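Notes to accompany the following structure.
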Amino acid sequence: MAKPVSIEVWNPNGKYRVISTKSMPGTRWINLLIQNDCRLEICTEKKTILSVEDIIALIGDKCDGVIGQLTEDWGEELFSALSRAGGKAFSNMAVGYNNVNVDAANKYGVAVGNTPGVLTETTAELAASLSLAAARRIVEADEFMRAGLYDGWLPHLFVGNLLKGQTVGVIGAGRIGSAYARMMVEGFKMNLIYFDLYQSTRLEKFVTAYGAFLKASGETPVTWKRASSMDEVLQEADIISLHPVLDKTTYHLVNKERLAKMKKEAILINCSRGPVIDEAALVEHLKENPLFRVGLDVFEDEPYMKPGLADLKNAIVVPHIASASKWTREGMATLAALNVLGKIKGYPVWFDANRVEPFLNENAQPPAACPSIVNAKALGLPTSKL
């Protein structure tokens, strides 16, 4: 028998039983559920990552839907348990769903929600922050000051890289990659080289227009180039930011051979998925090339780092906080809750998962739709015409 898991209960007499495996930011998501006759149970167990057994105990004998986290293993066992309890709705509080076996969800008729459309600018901002921190050695300098080592200005003290006029490289020019590129081009007047299987016409037009503005103002215009290969970006860019999806083709996309193609003083940023970098190879490259720098928000074996990474001064590491702005995290919680609520209520799926502003307007009721269901087609769910 599964061990009981501690919970906090909202609206105990609600008709629909919804579980949240973690407390989430904000209160709007809670209010939306209880206003729609849901009994909400929030897990308060003092564990960072819940086990499959923990979540099965939470689901119990009757459960209409679950809001979960990307650290949880949602596969055959959990979807079977949810289905037995009468549940037909699950949502990750994340845009990614590598932790979810969608085929298993389809087998048991469970809708799988995610939360795109709300993380773009926030994630791009962190990638830009890591870029600047690495270029100007901010973390090293902060540690130096806190250690009481500063005894006066010196010409060579923490000399870093100027961004203006340098080249920023983007691997994967989707929404987040393009937003990051715009920040670096407009914010620091960097030239752009990008690689993507699809042409990013809007990004190219933006850089062209900004270049024309700079030229009209008497400044050197910025330029853009769509690379014919990823290796071309690695060889030419001074800063490279990774924004691909994670699949079989992008696992260890950046490996020992590709690291060797990069400039000796290049900066590599990853706010996408940890396994796109061969982290062990990266550690060795950082050791052998002290002027090479990296900024990482994600890791290959998260939450763990490969041995030696934490000891390197030319590595900035942060704990998967790319989406951690108040507005974004509260929005993610709201979208996840509305995915579950919408499926329970029999609502259709929203017509565009990246146009989620109507769901986030706190001064109005959200649309009667599920914001984003990744397996809607497989389950034959209708689409909203709103």
Side-chain angles (χ1 to χ4, degrees), residues 2-8 17-25 29-30 33 40-116 118-119 245-247 272-275 297-304 319-324 328-329 331-341 343-344 370-375:
K3 178 185 175 183
V5 179
S6 59
I7 58 170
E8 174 186 11
R17 182 170 178 260
V18 174
I19 301 297
S20 178
T21 62
K22 290 289 178 197
S23 173
M24 300 188 295
W29 70 277
I30 296 174
L33 289 171
L40 173 62
E41 299 181 13
I42 303 173
C43 179
T44 56
E45 200 76 9
K46 300 298 182 183
K47 295 174 70 174
T48 301
I49 300 174
L50 295 182
S51 67
V52 168
E53 291 73 22
D54 291 331
I55 299 172
I56 289 175
L58 283 169
I59 291 171
D61 297 327
K62 181 189 180 300
C63 179
D64 295 285
V66 178
I67 303 167
Q69 303 297 322
L70 55 77
T71 53
E72 300 158 4
D73 182 14
W74 278 85
E76 176 86 18
E77 202 170 350
L78 286 181
F79 286 120
S80 173
L82 181 56
S83 178
R84 287 196 304 271
K88 295 297 179 184
F90 165 78
S91 184
N92 248 7
M93 183 199 158
V95 65
Y97 48 95
N98 299 104
N99 63 309
V100 179
N101 184 334
V102 179
D103 290 336
N106 293 340
K107 175 181 175 181
Y108 292 101
V110 178
V112 175
N114 69 335
T115 62
V118 73
L119 299 93
V245 297
L246 176 61
D247 58 25
S272 60
R273 291 290 182 266
D297 180 54
V298 288
F299 306 91
E300 187 172 351
D301 299 317
E302 203 163 313
Y304 308 107
H320 205 147
I321 58 170
S323 65
T328 293
R329 288 283 172 89
M332 292 166 69
T334 295
L335 294 174
L338 290 174
N339 281 330
V340 171
L341 177 64
K343 184 63 174 67
I344 290 172
C370 303
S372 177
I373 302 296
V374 301
N375 59 341

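Because the structure is predicted, anything quoted here is derived from the model rather than measured.
Taking both residues in full, the closest heavy atoms of K343 and C370 are given as N-SG, 3.3 Å, listed atom of the first, atom of the second, then distance. In this structure, C63 and I19 approach most closely via the heavy-atom pair SG-CG1, 3.7 Å. When all heavy atoms are compared, the tightest approach of G75 to N101 is CA-CB, 3.9 Å. Considering all non-hydrogen atoms of both residues, A94 and L70 come closest at CB-CD2, 3.6 Å.
Residues M332 and M24 form no side-chain contact, since every pair of their non-hydrogen atoms from C-beta on lies 4.5 Å or further apart. Between L33 and L341, some side-chain heavy-atom pair lies under the 4.5 Å cut-off. Side-chain atoms of T21 and V66, non-hydrogen and from C-beta on, do get closer than 4.5 Å to each other.
I59 contributes atom CD1, which lies 12.0 Å from atom CG of D64 (distance to the nearest 0.5 angstrom). In this structure, CD1 in I42 is found 3.5 Å from CH2 in W29, a value given to the nearest 0.5 Å. Between N98 atom CG and N92 atom CG the span is 9.5 Å, to the nearest 0.5 Å. Annotation: the span from R329 atom CZ to L119 atom CG amounts to 8.5 Å, rounded to 0.5 Å.
Within a 6.0 Å radius of CG in D61, other residues, nucleotides and ligands contribute 12 heavy atoms or fewer.
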